[in-house]
Amino acid sequence: MAENQNTEKQSAFKELVLPVIVLVVICLVCSALLAVLNDVTAPIIAANNHAETLAAYVSVLPEGTVTDDMTEVEGLTTDGVEGAVTTSAGAVAVKAAASGYSGKAVTVYVAFDTEGAISAISIDGSTQTTGIGSKVSGDSFASGFIGWNGGEVASGSPVDSIAGATYSSNGAFNAINAAIDCYNNEIKGVQ
């Protein structure tokens, strides 16, 4: 009888407890492997993101600008501004982002000439609704800002909002205004 109870306890342990222990061990091993993988890939991801940002700066700066010509501006405090660079020729590019549709960011790269006018702009609306809000990335919208040196932008000044994409348009306007504010208050005259 005692032998039968001992066998039943071992059987219950094998059926109920042992699988839980095995699953916990598997989860711990997988978690440890993911932590190690994250530590290994984090610097690579950061370097790739930095390289993409530098390439975006180059795309809006005057032709012939290379990454070696750029100096990153440190200590920027303007809300929405994620970075800025200056060139030895006096050009400036500012990266800014603001909330668009569903709270997703609309990111802009705005280049300023030596007079403070917008000389080039790149708007990333890829996070916005495809075919509607993503139109803020289009040349027909972005080209309206080229040459602007009149302070804050808003719907109708210098371009109209995109019909049906008010949140995305406002996100672009807010990001551009952050870039203009940063240029006027933190970069202009400090170079």
Side-chain angles (χ1 to χ4, degrees), residues 38 41-61 65 67 70-87 91-113 116-188 190-191:
N38 184 53
T41 59
I44 297 167
I45 292 169
N48 287 341
N49 288 340
H50 185 69
E52 286 177 17
T53 298
L54 291 178
Y57 283 134
V58 168
S59 74
V60 296
L61 287 168
T65 302
T67 56
M70 296 185 295
T71 304
E72 292 190 53
V73 179
E74 301 291 327
L76 299 173
T77 59
T78 305
D79 285 341
V81 171
E82 297 178 357
V85 295
T86 59
T87 67
V92 174
V94 178
K95 176 183 180 184
S99 179
Y101 185 70
S102 294
K104 296 179 181 170
V106 175
T107 304
V108 300
Y109 292 87
V110 182
F112 297 92
D113 62 18
I118 296 175
S119 59
I121 188 167
S122 173
I123 303 173
D124 179 8
S126 62
T127 61
Q128 304 305 295
T129 305
T130 304
I132 302 171
S134 64
K135 289 181 181 178
V136 297
S137 298
D139 286 337
S140 61
F141 181 75
S143 64
F145 297 101
I146 305 300
W148 180 257
N149 195 5
E152 282 193 5
V153 298
S155 182
S157 178
V159 298
D160 291 329
S161 294
I162 294 173
T166 304
Y167 289 108
S168 301
S169 298
N170 287 340
F173 293 140
N174 290 337
I176 294 166
N177 283 331
I180 290 170
D181 188 38
C182 176
Y183 175 78
N184 287 332
N185 297 320
E186 295 191 76
I187 298 173
K188 185 166 89 174
V190 180
Q191 300 178 17

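For reference, positions follow the sequence shown, starting with 1. Just so you know, these numbers come straight off a predicted model, no measurement behind them.
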Those residues that, when tested against Glu72, pass side-chain contact (heavy atoms from CB on, under 4.5 Å) (two or more places apart): His50, Leu54, Glu74, Val85
Minimum heavy-atom distance between Ala96 and Ala175, given as atom pair plus value: CB-O, 3.3 Å
Side chain to side chain contact (heavy atoms under 4.5 Å, CB included) partner of Val94, chosen from Tyr109, Phe112, Tyr57: Phe112
Pairs where residues 116-126 contributes a residue and the test side chain to side chain donor-acceptor pair (under 3.5 Å) is met, not counting sequence neighbours: Asp124-Ser126
Sequence-distant partners of Ser155, side-chain contact (heavy atoms from CB on, under 4.5 Å), two or more places apart: Ser161, Phe173
Shortest non-hydrogen separation from Leu76 to Glu186 and the atoms involved: CA-OE1, 3.3 Å
Closest approach of Val81 to Cys182 (non-hydrogen atoms, all atoms of both residues): CG2-CB, 3.6 Å
Heavy-atom closest contact (Ser140 atom, Ser143 atom, distance): O-OG, 3.8 Å
Main-chain N/O of Val153 paired with Ser157 side-chain donor or acceptor, under 3.5 Å: no
Quick one: side chains of residues 128-137, donor-acceptor pairs under 3.5 Å with protein atoms, not counting sequence neighbours, listed by atom name and distance.
from	atom 1	to	atom 2	distance (Å)
Gln128	OE1	Tyr101	N	2.6
Gln128	OE1	Ser168	OG	2.8
Gln128	NE2	Lys104	O	3.1
Ser134	OG	Gly131	N	2.9
Ser137	OG	Ile123	O	3.1
Ser137	OG	Gly125	N	2.6

Within 6.0 Å of CG in Asp139, more than 12 heavy atoms from elsewhere: no
CA sep, side-chain torsions, deciding dist, call: Val159, Trp148, side-chain contact (heavy atoms from CB on, under 4.5 Å): CA-CA 10 Å; Val159 298; Trp148 180 257; over 6 Å; no
For Phe145, all residues meeting ring-ring contact (aromatic ring centres under 6.0 Å, His included), sequence neighbours excluded: Phe141
Least distance between heavy atoms, Val60 atom then Ala93 atom: CG2-CB, 4.1 Å
Closest non-hydrogen atom pair between Ser169 and Ile162, with its separation: OG-N, 2.9 Å
Sequence neighbours excluded, every pair satisfying salt bridge (charged side-chain N to carboxylate O under 4.0 Å, His left out) that has a member inside residues 141-151: none
Heavy-atom side-chain contact between Thr86 and Val73 under 4.5 Å: yes
Contacts of type side-chain hydrogen bond (donor to acceptor under 3.5 Å, both in side chains), residue Asp181, not counting sequence neighbours: Asn185
Pairs flagged by salt bridge (charged side-chain N to carboxylate O under 4.0 Å, His left out) wherever residues 78-87 is involved - sequence neighbours left out: Glu82-Lys95
Set of side-chain contact (heavy atoms from CB on, under 4.5 Å) partners for Ile44, sequence neighbours left out: Asn48
CG on Asn149 to CG on Asp113, rounded to 0.5 Å: 7.5 Å
Thr65 (side chain) donor-acceptor with Leu61 (main chain) under 3.5 angstrom: no
Rounded distance (nearest 0.5 Å) linking atom CG of Asn184 with atom CG of Asn177: 10.5 Å
Any residue meeting side-chain contact (heavy atoms from CB on, under 4.5 Å) with Ala55, in chain and number order, not counting sequence neighbours: none
